[in-house]
Amino acid sequence: MDVALTVLALLVMTALSGLLGRLLPVRIPLPLLQIAAGSAVSFLGFSVPLSSELFLLLLMPPLLFIDAYRIPMREFGELRTIIFSLAVGLVIFSTVAGGYAVHWIMPAILPAAGMALAAALSPTDAVSVNSFLATAKAPARLTQVLNGEALLNDASGLVCFKFAVAAATTGLFSLKAASSNFVYVSFGGVLIGAGLGWLFARIELMALRRGYDDSSNHILISLLIPYIIYLIADSVECSGILASVAAGISIRLTGVMSETQIETRLRAAILWDQLCSTLNGLVFIMLGQQLPGQVEQAAHIVRSAGLTPWMLPLAIVGIQCAMSLLRAIWMVANGLVFYGVGKLIHRPQALPSWRNVLVMTLAGARGAVTLAAIISLPSESDMPERTVMVVLATGVIITSLLLTTFGLPRALKLLPRNDGETPTQRELLETRITLIRSSIAELQAEQARLPPDANRTNDTVSLLMTEFNERLRRLDPTLDDGEGKRSGSVQRKRDELMLRLRIVRLQRRVLHSLLTDRNINDLTERAIGRQLDVREQEFLMELNDLPQLPEPPPAETLVTAVPVKGKSGRLQMK
């Protein structure tokens, strides 16, 4: 019963923090609110013991799996060199150099223990950075690099952390053993994840093609897959994190979801979004809940050593500055290497500007993996610096989130602005135009197959041809004749969709009245209400897809598609 109440309490805190984030007049990042909420309830006596293994198992596999499943594969392939450089090279560089920086800032922490702390701090948190980048409308290429880095650097960071802890507790370290183990852990995890992901997808495809497509069962299997693959990889001492990432990419490449029913895809997307949001909230709630106790213990240890408690916040700021500086140095060195190699192979690369370096540095927020690693440190008897290291890591997580929150949006404003159409918007428009042209070509072929004496004024093919031609005229700027016809077409469609939305919402109110008056039962209301929801969502998506054009000519010169008359007799929208 206590476990159930604890889980419910954590979920309630996660939900309330999300609600509070929307109600506050000042925008505060949700991770910071959740950390504050966790810290607040810890003062009331609420405590949740954290186990590193359980923390990683419950929270990380689904989060990494869905992030990998949704990663843009084309861009991931194009940017693979810089992503791997950041995910592996930067982690190793930060671990070694950061360890000595931690020892220099706090001499009581030996270099080996400092490297363990630096290794735990090296992975970036994809979820936190992603939310900040989305809000600030960061360039797509920058977002893709940071997402790819965050997906892959977790494993390399944890492997470095493992060997640094072993060196700190035993005093033994073998570069040869560490390298071979790194290869085994990393490549083993990738092979297990990719292989099992492909196997699960093939089994699911076979079942789908035999007519078995149960929506609930399919979604349940998709939720279990990352956990199963993580446990299998972890049981043979390979990286369960990389296995989850490889499984997400492998299943995405098989295209199994495109074979399912539309209901399955819609329900799965909604459920995965909700699950990821909840799990990320739990990560930061639990982080905040551990913070006060760790700070109190660390302050006691610092005082017992004859030092002032102010050493802790100063050390946290110093370590954050050191890790950010190391990240910036790697970015510059990385850019110079790519520039030099590009000149040698006659594929010129642009030198990184200080603005790009600043943005990439500020985007290095820490989160769940850092927390999971640092709480897995051995006990105080094996590592006397444990409590202080946990507090330092927690403090760096918070300061990195603060730095990303308040620094990243301002740094993004320094990047060159693109006031015109972005590459993503242009690709979306070109894709829609291609789809419409292919539909028109199919309709023309169907029209050619009709008998010569067929009525071509009211037949279905002609009506559809008119609809697709009108849609093409709205989207394709090359068809604009300069007389405002395109603007007029867009405005007519916008008016039509707004009226359709009003009608759908009216129908929903009427449907609710029929249910309230007991003229229909709940099953009827639920079935029709679901259809109205799908229709409204379709109209909203179509409305958002309309191009933004200059104001059309005066309304009286246009032929409106909505026959609503005002008192003046003109056709208008209400």
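The first residue of the sequence shown is numbered 1, and numbering continues consecutively from there.
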### Task
Please report the shortest heavy-atom distance between V145 and I83, naming the atom on each side.
O-CG1, 4.1 Å
### Task
Before giving the answer on side-chain contact (heavy atoms from CB on, under 4.5 Å), spell out for V190 and V245 the whole-Å C-alpha distance, their side-chain angles and the decisive distance to 0.1 Å.
CA-CA 8 Å; V190 170; V245 171; over 6 Å; no
### Summary
Between C160 and V91 the two heavy atoms that sit nearest each other are SG-CG1, 4.1 Å
### Task
Would you mind listing every salt bridge (charged side-chain N to carboxylate O under 4.0 Å, His left out) that reaches into residues 142-152, with sequence neighbours excluded?
E149-R327
### Message
Can you tell me how far apart OG (S244) and CD1 (I249) are? Round to the nearest 0.5 Å.
### Response
11.5 Å
### Query
Roughly how far apart are L117 CG and I105 CD1, rounded to 0.5 Å?
9.5 Å
### Shortest non-hydrogen separation from A268 to M257 and the atoms involved
CB-CE, 4.1 Å
#### Entry: Spacing of CE belonging to M360 relative to CD1 belonging to I82, to within rounding of 0.5 Å
5.5 Å
### Query
Do any N or O atoms from the side chain of S250 and from the backbone of A247 form a donor-acceptor pair under 3.5 angstrom?
no
### Query
S94 and A118: which non-hydrogen atoms are nearest, and at how many Å?
O-CB, 3.5 Å
### Message
Is it the case that the side chain of T278 and the backbone of Q274 share a donor-acceptor pair, with hydrogens and angles ignored and the cut-off at 3.5 Å?
### Response
yes
### Task
With side-chain contact (heavy atoms from CB on, under 4.5 Å) as the test, would you mind laying out the steps for F406 and R410 before giving the verdict?
CA-CA 7 Å; F406 300 106; R410 290 168 175 79; 4.1 Å; yes
### From CE (M13) to CD1 (I285), nearest 0.5 Å
5.5 Å
### Message
Would you say that more than 12 heavy atoms from the other residues, nucleotides or ligands in this model lie under 6.0 Å from the CH2 of W272, or not?
### Response
yes
### Message
Measuring only between side-chain heavy atoms, which start at C-beta, is Q320 closer than 4.5 Å to S400?
### Response
yes
### Query
Rounded to the nearest 0.5 Å, what separation is found between the CD1 atom of I329 and the CG atom of L90?
11.0 Å
### Task
Kindly write out the residues that satisfy side chain to side chain donor-acceptor pair (under 3.5 Å) with T361, not counting sequence neighbours, or none if the list is empty.
none
### Task
I would like to know whether L377 and F161 meet side-chain contact (heavy atoms from CB on, under 4.5 Å); could you show each step before the answer?
CA-CA 10 Å; L377 284 171; F161 175 79; 3.6 Å; yes
### Query
At what distance, to the nearest 0.5 angstrom, does CG of L358 lie from CE of M331?
11.0 Å
### Message
For a side-chain hydrogen bond (donor to acceptor under 3.5 Å, both in side chains) check, start with the C-alpha distance between N153 and S122, then their side-chain angles and the critical distance, and finish with the verdict.
### Response
CA-CA 8 Å; N153 66 7; S122 58; over 6 Å; no
### Task
Examine distances only and state if a side-chain atom of S17 and a backbone atom of L33 form a donor-acceptor pair shorter than 3.5 Å.
no
### Message
Do L242 and L64 have side chains that approach each other closer than 4.5 Å (heavy atoms only, starting at C-beta)?
### Response
no
### Message
Treating T399 as the side-chain partner and V396 as the backbone partner, does any N or O pair qualify as donor plus acceptor under 3.5 Å?
### Response
yes
### Verdict with supporting geometry, L223 and F65, side-chain contact (heavy atoms from CB on, under 4.5 Å)
CA-CA 10 Å; L223 290 175; F65 176 84; over 6 Å; no
### Identified side-chain contact (heavy atoms from CB on, under 4.5 Å) partner of V388 from the options L392, V390, V391
L392
### Message
Using every non-hydrogen atom in the two residues, find where G98 and L326 come nearest and quote the distance to one decimal.
### Response
N-CD1, 3.5 Å
### Query
With a 4.5 Å limit on heavy-atom distance, are the side chains of T404 and L362 in contact?
no
### Message
Looking at every non-hydrogen atom in both residues, tell me the closest pair between G189 and C238 and how far apart they are.
### Response
N-CB, 3.7 Å
### Query
So, does S85 use its side chain to make a donor-acceptor pair with the main chain of T81 at under 3.5 Å?
no
### Query
Got a sec: does the CD of E78 have more than 12 other heavy atoms crowding it under 6.0 Å?
yes
### Message
Quick check against the 3.5 Å criterion: does R70 have a side-chain atom that pairs as donor or acceptor with the backbone of A68?
### Response
no
### Donor-acceptor under 3.5 Å (S186 side chain, V183 main chain)
no
### Heavy-atom side-chain contact between F200 and V256 under 4.5 Å
no
### Message
Donor-acceptor check, side chain of R80 to backbone of G77, threshold 3.5 angstrom: yes or no?
### Response
yes
#### Entry: Heavy-atom check, side chain of I35 versus side chain of L401, under 4.5 Å
yes
### Message
For I397, is there any backbone N or O sitting under 3.5 Å from a side-chain donor or acceptor partner on R366?
### Response
no
